[in-house]
Undergrad: 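I am attaching a structure below and will ask some questions about it afterwards.
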Amino acid sequence: TDVAAHAQAAYKLSSSEEIGPAFLGTNQSSSEAPDFPTKQALSPRTRRRRTASGDQPLARIPECLLARAPLFDRVYTQAVPQTGTWRRCRSDAAGACEQVRLIAPRNAYVHAIGIGGTPATPHGAITAAVAVVHRLADISAQCASLRGKIVVAAIPFTNYYTQSSLRGAVPMAAAKCGALAVLLDSVGTGKQNPETGAGDAPDGLLPIPTLAISREDAQLLTRLVGYQADAGVNAAVNAAMNGSVKVRERLDPQPSAHGVFGVSLGVEVRVSVYTEGELGPNVTAHNLIAELRGSTKPDRYVVVGGHLDSWDNPGETGATDDGTGTWSAWSALKTLSSLVHTGLLPRPARSIRYVGWVDEERGGAGGRAYAAAHAASTSFALESDSGNWKPYGNSFCGTEQAASIMRQIVKLNAPIGADTLIFAPIGQDGCGADV
């Protein structure tokens, strides 16, 4: 209860700041400049948030857990120097850090959150026509037509690893074609809740402003771009609204190069995008480490852990990514330590170490720092970063020989239906972000 109260207080600290009117830049002369809301009307997604890896709530986690360390043989932190940190809001920002608005053919807010590493829009907001792509390859194929436009990447979901790689790949490709900004169909499942994540930016900043937009808004923009003022289309839509026919029976629902319904563009769609992203100061964060010392091989370690940091999307508090994961690992070692210290279990041969990594979301500095210091003494490492629902097994990254051993180990979980093993050779998708 104390830890939950502390976490709740820390979250309130990072999310309760109200902000003033949004600033769009005084040199935007376009009559299409959107009338963004004042602080009384701001949605949570436009509030200023602390986002650096060394922010106050994150920095308090090791301190909080150290004060509550139960029966561990040793609890300490590992300094993780970080460079090139990124923050969503300018240090002197007085208004909304980022917003997206549909300007034409009608006026509406677009649920959006900047991708980690997005730069600020130059000279206030960018207002431009929208171009929709449905595949990464469409960007190079339509390169000439993307210059001066805002690209909406409505790319169908395949798997999380492929989809998350688009956060860097799409803006890199679009920038080469002269696009002004990118709006990515969110990896999330909807409910007007876009999911952010790190863009793979070699220099810390992506080449052009890049934001994730909600699945519903991505579908809306795609439909608007795809509609054509055509008698046949209008008749089908009107008939559907009258209940006499379903639209999907009359129109091709598959995306094509000509639009979502396979017809040429009829109405220009324009949006306005505003961001403030910038590189922040260098900070030092801390991995949290707790140990149960081994009996005969104390200098060899079995590691369990998860990451302590999370993104700042108000719709995603970090509960499953990775609050429940890192807390499960902490609790597992806490339980084992309690049983050992009360004499109900003998000490394990090897030491067991819990690690709470920092900076997993932005670039993995915590995992790399830990590996640099401790890889040689690690016998086995297990992280929990896939949510905490009904367990079904483990994914495993290693050699085929090691996988054959793991297949025998996971059979021990058969009574709870968690004996599945997903094997990925080292270097392929499926390896844990920190381990």
Side-chain angles (χ1 to χ4, degrees), residues 51-55 57-59 61-63 65-66 74-87 115-117 160-161 164-165 167-169 172 196-206 279-291 299-312 318 321-323 325-326 329-330 333 351-386 394-399 402 424-435:
T51 60
S53 297
D55 67 8
L58 176 62
I61 293 175
E63 176 188 346
L65 294 181
L66 282 170
R74 187 185 180 199
V75 182
Y76 57 102
T77 60
Q78 176 193 15
V80 181
Q82 297 173 303
T83 58
T85 57
W86 173 84
R87 55 191 178 195
I115 295 298
Y160 185 83
Y161 296 103
S164 59
S165 70
R167 296 171 185 147
M172 293 291 185
T196 189
D200 185 11
D203 299 323
L205 286 178
L206 293 166
L279 293 179
N282 297 340
V283 298
T284 297
H286 295 83
N287 290 333
L288 176 65
I289 301 174
E291 293 179 0
D299 295 327
R300 299 297 301 175
Y301 292 91
V302 172
V303 174
V304 294
H307 64 89
L308 300 176
D309 60 317
S310 70
W311 283 102
D312 59 331
D321 187 13
D322 184 30
T326 193
W330 170 274
L333 185 55
S351 296
I352 302 177
R353 176 181 278 170
Y354 160 83
V355 183
W357 289 282
V358 293
D359 194 53
E360 186 271 353
E361 297 288 3
R362 264 291 287 153
R368 290 195 303 272
Y370 180 84
H374 302 291
S377 61
T378 302
S379 298
F380 180 79
L382 175 69
E383 73 174 69
S384 178
D385 192 14
S386 298
N394 296 87
S395 58
F396 176 75
C397 190
T399 64
I426 294 175
Q428 293 188 10
D429 288 340
C431 299
D434 287 308
V435 302

Undergrad: Verify, without hydrogens or angle tests, whether Thr378 (side chain) and His374 (backbone) share a donor-acceptor contact under 3.5 angstrom.
TA: yes

Undergrad: Measure the spacing between CG of Leu308 and CG of Asp359 and express it to the nearest 0.5 Å.
TA: 11.0 Å

Undergrad: Can you check whether Thr326 reaches Leu288 side chain to side chain, under 4.5 Å on heavy atoms?
TA: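 Thr326 vs Leu288: side chains apart.
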
Undergrad: Between OG of Ser377 and CZ of Arg300, what distance do you get to the nearest 0.5 Å?
TA: 6.5 Å

Undergrad: What heavy-atom pair brings Leu205 and Trp86 nearest, and what distance separates the two atoms?
TA: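 That would be CD2-CD1, 3.6 Å.
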
Undergrad: Taking Pro281's backbone N and O only, do any of them form a donor-acceptor pair with Thr85's side chain (distance below 3.5 Å, no angle check)?
TA: yes

Undergrad: Please name the pair of heavy atoms, one in Thr196 and one in Arg167, separated by the smallest distance, quoted to 0.1 Å.
TA: O-NH2, 3.6 Å

Undergrad: Might you point out which heavy atoms bring Ala402 and Phe396 nearest each other, and give the distance in Å?
TA: CB-CZ, 3.7 Å

Undergrad: Among Val303, Val80, Val358, whose side chain to side chain contact (heavy atoms under 4.5 Å, CB included) with Tyr370 holds?
TA: Val303

Undergrad: What's the spacing between Asp200 CG and Met172 CE if we round to 0.5 Å?
TA: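 Here the interatomic distance stands at 6.5 Å.
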
Undergrad: Using modelled atom types only, decide if a donor and an acceptor are shared between the side chain of Arg368 and the backbone of Gly363 within a distance under 3.5 Å.
TA: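 Judged by distance alone, yes, a pair lies under 3.5 Å.
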
Undergrad: Side chain of Asn287, backbone of Gly366: donor and acceptor closer than 3.5 Å?
TA: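 Yes.
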
Undergrad: Going by heavy atoms in the side chains, are Trp311 and Arg362 under 4.5 Å from each other?
TA: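 Result yes, sub-4.5 Å side-chain heavy-atom pair found.
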
Undergrad: Report the distance from atom OG of Ser379 to atom CD1 of Ile352, rounding to the nearest 0.5 Å.
TA: 11.0 Å

Undergrad: Search all heavy atoms of Ala290 against all heavy atoms of Trp330 and return the closest pair with its distance.
TA: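 It is CB-CZ3, 4.2 Å.
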
Undergrad: Could you go through His307 and Asp321, starting from their C-alpha distance and side-chain angles, then the distance that decides it, and tell me whether this counts as side-chain hydrogen bond (donor to acceptor under 3.5 Å, both in side chains)?
TA: CA-CA 8 Å; His307 64 89; Asp321 187 13; 3.0 Å; yes

